[in-house]
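Heads up: numbering here begins at 1 and tracks the sequence.
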Amino acid sequence: MASREEITVYEDEVRSRYSHLEKMTDLVAVWEVALSDGVHKIEFEHGTTSGKRVVYVDGKEEIRKEWMFKLVGKETFTVGAAKTKATINIDAVSGFAYEYTLEINGKSLKKYMENRLKTTNTWVLSLGGTDYRVVLEKDTMDVWCNGQKMETAGEFVEDGTETHFSVGDHSCCIKAVSSGKRKEGIIHTLIVDDREIPEAVE
C-alpha cells in the first residue's frame with residue numbers, strides 16, 4: 001500500500017497538472033502590441049462559469065479577479081515603459097459566446113497601429129550577433145532602442161537634420177530630409193557605421 005507521503009506527492013502532481021490545464025482552457029485572447037519600447041504580449045483569461053478575469057502583460061499577471069457575476073465589461077491596465085493605457089472589452093455576442101477587443105489609448109488596436117505607422121519609424125538590425133530594434137517617435141524625435149530611451153544629440157545639416165546616438169560602440173544617426181512632396185513629408189533614414197538600414201514593417 002502507498003504511504004501517505006506518496007499519495008500527497010501524487011495529489012500535488014495531479015493538482016499542478018490540472019491547474020495548468022484549467023489555466024489554459026480559460027485563455028481566450030492573445031494580442032501582440034508594438035510600442036516604442038518593444039513588442040508586448042497581452043494575454044487574457046476569462047472563465048465564463050466563474051466570471052474569472054486575468055490579464056497578463058509579457059507573462060506577468062497585471063489583473064486577477066476570481067469571481068465576477070457580470071460576465072461582460074472591461075478591464076483597463078497599462079503596457080510598456082511609457083505606461084500606455086490599454087483596455088480589454090468583453091462583449092456578449094450570443095448565448096454564451098463572447099467577443100474580446102483590445103483598445104490602446106482609446107483606439108481599436110488596428111486604428112492605433114495604423115496611426116503608429118504614421119508617427120513612428122522602426123528599424124531592426126543585428127550588430128555583433130545582438131538584435132536591436134530602433135524606434136523613432138517623429139512627433140517628439142525621441143529614439144528608443146531595445147526598450148531604452150536613448151540619449152541623443154540633434155544638429156541641423158545642409159539638407160535637413162541629424163539625430164546622433166550610439167548603440168554599444170556603434171555610431172548611429174537618423175537623417176531627416178524633406179522628400180520635396182507634401183504627401184510624403186519628411187523621410188527618416190537610419191545610418192549605422194556609415195551603412196543605411198532598411199526600415200522594418202511590423
Side-chain angles (χ1 to χ4, degrees), residues 1-122 124 131 133 135 137-140 142 144-149 200-202:
M1 194 173 137
S3 72
R4 181 171 294 160
E5 212 169 81
E6 285 174 317
I7 290 169
T8 308
V9 167
Y10 176 72
E11 279 177 355
D12 286 347
E13 223 173 88
V14 167
R15 198 174 297 121
S16 69
R17 198 177 299 149
Y18 176 73
S19 70
H20 179 70
L21 194 73
E22 184 185 39
K23 190 178 156 184
M24 294 316 287
T25 56
D26 287 341
L27 186 70
V28 291
V30 179
W31 296 275
E32 294 214 336
V33 183
L35 300 178
S36 295
D37 68 330
V39 179
H40 299 279
K41 188 176 185 181
I42 297 169
E43 295 169 287
F44 183 55
E45 288 182 19
H46 188 217
T48 50
T49 45
S50 65
K52 176 182 87 170
R53 297 178 190 177
V54 189
V55 176
Y56 298 94
V57 177
D58 299 325
K60 190 174 156 284
E61 191 176 294
E62 289 296 319
I63 296 171
R64 176 176 286 273
K65 293 179 179 169
E66 284 300 340
W67 291 94
M68 303 280 291
F69 291 106
K70 206 168 165 218
L71 290 173
V72 294
K74 54 179 62 181
E75 292 300 336
T76 299
F77 51 98
T78 61
V79 181
K83 301 251 176 264
T84 304
K85 185 181 159 207
T87 303
I88 295 173
N89 295 302
I90 309 153
D91 298 297
V93 184
S94 64
F96 290 103
Y98 296 89
E99 184 180 68
Y100 308 94
T101 52
L102 179 68
E103 287 179 3
I104 305 289
N105 277 346
K107 293 185 179 83
S108 74
L109 182 60
K110 186 175 185 283
K111 275 264 177 287
Y112 178 79
M113 295 321 279
E114 281 169 4
N115 191 46
R116 258 192 79 76
L117 281 176
K118 293 175 194 151
T119 59
T120 61
N121 286 76
T122 304
V124 176
D131 290 335
R133 179 177 177 269
V135 178
E137 293 183 353
K138 292 189 244 189
D139 50 354
T140 58
D142 285 342
W144 293 75
C145 180
N146 287 7
Q148 301 293 314
K149 198 163 156 186
V201 179
E202 290 186 308

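When side chains are defined from C-beta on, Leu35 counts as touching Tyr112, because their heavy atoms get closer than 4.5 Å. Taking the side chain as every heavy atom from C-beta outward, Leu27 and Glu43 approach each other to under 4.5 Å. By the 4.5 Å heavy-atom criterion applied to side chains, Val39 and Arg133 are counted as neighbours. By the 4.5 Å heavy-atom criterion applied to side chains, Glu103 and Asn89 are counted as neighbours. In this structure, the side chains of Thr87 and Leu102 stay at 4.5 Å or more apart for every pair of heavy atoms. Contact check for Ile63 versus Arg53: no side-chain heavy atoms found under the 4.5 Å cut-off. Within the 4.5 Å cutoff, the side chain of Val30 has no heavy atoms near those of the Ile42 side chain. Looking only at side-chain heavy atoms (C-beta outward), Tyr56 and Glu45 come within less than 4.5 Å of each other.
Using a 3.5 Å distance cut-off with no hydrogens or angles, the side chains of Tyr100 and His46 do pair a donor with an acceptor. Side-chain contact check for Ser36 and Glu137: at least one donor-acceptor pair (N or O, by modelled atom type) lies under 3.5 Å.
The pair Glu66-Lys52 fails the salt-bridge criterion, with no side-chain N (NZ, NE, NH1 or NH2) lying under 4.0 Å from an Asp/Glu carboxylate O. In this structure, Glu114 does not pair ionically with Lys107, as no charged nitrogen and carboxylate oxygen lie closer than 4.0 Å.
Here the shortest heavy-atom pairing between Ala81 and Asp37 reads N-OD2, 2.6 Å. Ala200 and Val124 make their closest contact through CB-CG2, 3.8 Å (heavy atoms, listed as atom of the first residue, atom of the second, distance). Nearest heavy-atom pair, Thr78 versus Val57, reported as atom, atom and distance to 0.1 Å: O-CG2, 4.3 Å.
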Ile90 vs Phe44, side-chain contact (heavy atoms from CB on, under 4.5 Å): CA-CA, chis, key distance, verdict: CA-CA 10 Å; Ile90 309 153; Phe44 183 55; 3.6 Å; yes
Test log, rule side-chain contact (heavy atoms from CB on, under 4.5 Å), inputs Asn121 and Val135: CA-CA 6 Å; Asn121 286 76; Val135 178; over 6 Å; no
Intermediate values then yes/no, side-chain contact (heavy atoms from CB on, under 4.5 Å), Val54 and Asp26: CA-CA 9 Å; Val54 189; Asp26 287 341; over 6 Å; no
Salt bridge (Lys or Arg N to Asp or Glu O under 4.0 Å) between Lys41 and Glu32, intermediate numbers included: CA-CA 5 Å; Lys41 188 176 185 181; Glu32 294 214 336; 5.2 Å; no
Step-by-step side-chain contact (heavy atoms from CB on, under 4.5 Å) determination, Asp91 to Tyr98: CA-CA 6 Å; Asp91 298 297; Tyr98 296 89; over 6 Å; no
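Residues forming a side chain to side chain donor-acceptor pair (under 3.5 Å) with Lys74 (at least two apart in sequence, or on another chain): none.
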